[in-house]
Trainee: 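Okay, handing you the structure first.
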There are 2 protein chains.
Amino acid sequence: MSEATKEAHARPDTRARIQAVALELFAEQGYDKTSLREIAERLDVTKAALYYHFKSKEDIVASLVEDYFGQIDELVAWGRTLPKTPESRAEVLRRYFDIVAGGSGVFRMLQHNQASVNSMAAAKHRSELFRERMDALVSLLTEPDAPLASQLRAAVALASVSFGCMFYADRAEDPAHLRATVLDIAFGLTGAQD
Amino acid sequence: MSEATKEAHARPDTRARIQAVALELFAEQGYDKTSLREIAERLDVTKAALYYHFKSKEDIVASLVEDYFGQIDELVAWGRTLPKTPESRAEVLRRYFDIVAGGSGVFRMLQHNQASVNSMAAAKHRSELFRERMDALVSLLTEPDAPLASQLRAAVALASVSFGCMFYADRAEDPAHLRATVLDIAFGLTGAQD
DNA sequence: GTCTATAGACGGATAGAC
DNA sequence: GTCTATCCGTCTATAGAC
């Protein structure tokens with residue numbers, strides 16, 4: 001670490017800590033109900049400090065969402081390099097599960113704050129962006145020009161993965177068992193194969 | 001109509017009109033971003049008038065949610081009178097679809113405002129209430145003491161109905177076709193039969 | 001990089017007249 | 001049943017010292 005970065009009261013990872021706390025509170029109690037004051041208090045800093053790292057409250061969310069969409073986009077890019085075999089579909093679904101489940105929790109946050117996030121200036125037309133990702137993932141799981149029924153099955157498979165791992169995560173005694181069960185359902189819907 | 005109800009500037013259906021406008025705005029732009037001032041302006045009344053009909057902003061949501069949960073509870077009660085045949089499961093899923101799709105739009109509103117609604121005082125532990133309904137519906141679609149996999153399939157079927165009719169409602173050229181397709185998927189997941 | 005202090009706006013809710 | 005007027009709280013965001 002260079003001398004230049006050792007400034008008074010400097011904590012080097014403040015930006016990341018802000019992201020972590022904000023994510024937790026946004027997911028837990030909602031974006032609108034979480035004030036910058038509350039975030040600052042948890043970190044033992046002041047609101048003004050937050051504004052040094054992020055230009056606005058929305059900007060914190062934007063930074064979080066960028067990370068999440070980045071993961072999805074990587075998955076899509078990777079999936080496009082694959083042949084469309086049942087095995088590769090299975091692998092796409094597995095990776096999607098891991099992003100949603102093991103991931104940063106950004107998905108859960110987005111799920112709980114759809115209305116707030118959708119009406120953000122910085123992320124204008126964000127429900128469209130969400131759709132684009134969804135469609136991209138669907139295209140990995142279907143033949144080109146597949147009929148509505150096939151597309152819907154793929155979309156439902158993806159939704160099931162998200163839903164299953166969010167709604168049943170705290171009920172299944174064995175996480176691995178839940179994962180296997182959820183993926184088995186998704187495989188069945190898309191013709192994927194282990 | 002009695003003379004007593006004919007008061008100055010009285011519009012008889014104000015309460016219902018408030019509910020309708022509030023529902024639309026809450027679903028569209030979110031509960032927190034919708035102020036009572038905005039609702040009042042749309043109706044050409046004042047905020048104070050709203051407080052005559054509802055004791056608080058939350059109370060408006062509560063009145064909406066009551067109606068929706070009432071429909072689900074009716075479905076559950078009716079479903080419990082049925083034998084557990086593939087045909088009756090299909091009928092439960094069909095009715096559930098119609099509640100979500102044709103319904104008042106309350107489901108969409110709840111979906112978009114999970115965080116706000118979950119942290120309401122009047123509806124404390126409302127995610128639990130939501131779960132209770134979900135579990136009740138699942139029990140209509142599974143044998144008693146069914147293994148996790150079966151319960152999950154039923155839950156996914158219900159989620160698929162909700163998801164399918166919300167996410168694809170404006171894409172399918174033919175609503176009846178969408179309905180048939182979605183239900184076909186749900187039937188497959190639960191062993192229901194037409 | 002973090003602080004104190006404050007501006008500036010808006011929201012929910014109530015009181016009391018009509 | 002609806003209105004005007006107002007109280008009081010909270011929030012985002014900024015200015016400027018250290």
Side-chain angles (χ1 to χ4, degrees), chain A residues 1-22 25-26 28-64 113 115-117 119-123, chain B residues 1-22 25-26 28-64 113 115-117 119-123:
Chain A
M1 184 189 289
S2 76
E3 285 299 317
T5 61
K6 290 186 187 170
E7 303 182 14
H9 310 101
R11 260 174 308 194
D13 56 343
T14 302
R15 192 188 149 93
R17 290 172 62 236
I18 293 171
Q19 286 179 314
V21 169
L25 293 178
F26 290 163
E28 186 183 305
Q29 54 187 328
Y31 174 79
D32 298 277
K33 282 201 150 55
T34 303
S35 66
L36 295 180
R37 182 185 55 72
E38 190 175 2
I39 295 173
E41 269 174 12
R42 279 243 194 160
L43 294 167
D44 261 309
V45 296
T46 60
K47 276 193 295 177
L50 303 186
Y51 278 96
Y52 175 83
H53 294 279
F54 298 93
K55 74 175 203 298
S56 68
K57 187 184 179 184
E58 285 195 12
D59 193 42
I60 300 178
V61 174
S63 77
L64 256 13
N113 294 281
S116 310
V117 176
S119 58
M120 280 189 183
Chain B
M1 183 188 290
S2 76
E3 285 298 317
T5 62
K6 287 187 188 171
E7 304 182 14
H9 310 100
R11 260 175 307 197
D13 55 344
T14 303
R15 190 187 152 95
R17 290 172 64 235
I18 294 171
Q19 286 178 314
V21 169
L25 292 178
F26 291 163
E28 187 183 305
Q29 54 188 339
Y31 174 78
D32 298 277
K33 283 201 147 57
T34 303
S35 66
L36 295 180
R37 183 185 55 74
E38 191 175 1
I39 295 173
E41 269 173 13
R42 280 243 193 157
L43 294 168
D44 261 309
V45 295
T46 60
K47 276 194 292 179
L50 304 186
Y51 278 95
Y52 175 82
H53 294 279
F54 297 94
K55 75 175 201 298
S56 69
K57 187 183 180 186
E58 285 195 11
D59 193 41
I60 300 178
V61 174
S63 76
L64 257 13
N113 293 283
S116 309
V117 176
S119 58
M120 282 190 183

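Just so it is clear: chains get the letters A, B, ... in the order the sequence lines come, proteins before strands, and each one is counted from 1.
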Trainee: Y52(A) has a side chain; which of dT4(C), dT2(D), dG1(C) sits nearest to it?
Mentor: dG1(C)
Trainee: Y51(B) has an atom OH; how far is it from atom C1' of dA17(C), in whole Å?
Mentor: 20 Å
Trainee: Roughly, in whole Å, what's the span from CG in D13(A) to P in dG1(C)?
Mentor: 12 Å
Trainee: Just the atom pairs and distances: protein N or O near nucleotides 8-11 of chain C's N or O, under 3.5 Å.
Mentor:
| residue | atom | partner | partner atom | Å |
| --- | --- | --- | --- | --- |
| dG11(C) | OP2 | R37(B) | NE | 3.2 |

Trainee: Which whole-number value in Å describes the distance from L50(B) CG to dG12(C) P?
Mentor: 10 Å
Trainee: Output all residues satisfying salt bridge (Lys or Arg N to Asp or Glu O under 4.0 Å) with R42(A), sequence neighbours left out; order by chain, then residue number.
Mentor: E24(A)
Trainee: Any donor and acceptor pair, going by atom type alone, linking the side chain of K33(B) with main-chain N or O of S119(A) inside 3.5 Å?
Mentor: no
Trainee: Please report, rounded to the nearest Å, how far the C1' atom of dA13(C) is from the CD atom of E38(B).
Mentor: 18 Å
Trainee: Taking only residues at least two apart or on different chains, which pairs with a member in residues 31-57 of chain B satisfy ring-ring contact (aromatic ring centres under 6.0 Å, His included)?
Mentor: F26(B)-Y31(B)
Trainee: Determine: side-chain N/O of T14(B) to OP1/OP2 of dT2(D), distance under 4.0 Å, yes or no.
Mentor: yes
Trainee: Kindly write out the residues that satisfy side-chain hydrogen bond (donor to acceptor under 3.5 Å, both in side chains) with E38(A), not counting sequence neighbours, or none if the list is empty.
Mentor: Q29(A)
Trainee: Return the set of residues passing salt bridge (Lys or Arg N to Asp or Glu O under 4.0 Å) with R37(B) (not counting sequence neighbours), or none when no residue passes.
Mentor: E41(B)
Trainee: For A48(A), enumerate each residue passing the side chain to side chain contact (heavy atoms under 4.5 Å, CB included) test, keeping only those at least two apart in sequence or located in another chain.
Mentor: T46(A)
Trainee: Output all residues satisfying side-chain hydrogen bond (donor to acceptor under 3.5 Å, both in side chains) with S35(B), sequence neighbours left out; order by chain, then residue number.
Mentor: none
Trainee: Quickly work out the R17(A) CZ to dT2(C) P distance and round it to whole Å.
Mentor: 9 Å
Trainee: Could you work out which one of dT2(C), dA15(D), dA13(C) sits closest to the side chain of H53(A)?
Mentor: dT2(C)
Trainee: Five pairs per end, C1' atoms only: what is the angle between the end axes of the helix from dG1(C)-dC18(D) to dC18(C)-dG1(D), to 10 degrees?
Mentor: 10°
Trainee: Considering residues at least two apart in sequence or located in another chain, which fulfil the side chain to side chain contact (heavy atoms under 4.5 Å, CB included) criterion with D13(B)?
Mentor: R11(B), R17(B)
Trainee: Taking the side chain as C-beta and beyond, is there a heavy-atom pair between V45(B) and I18(B) under 4.5 Å?
Mentor: no
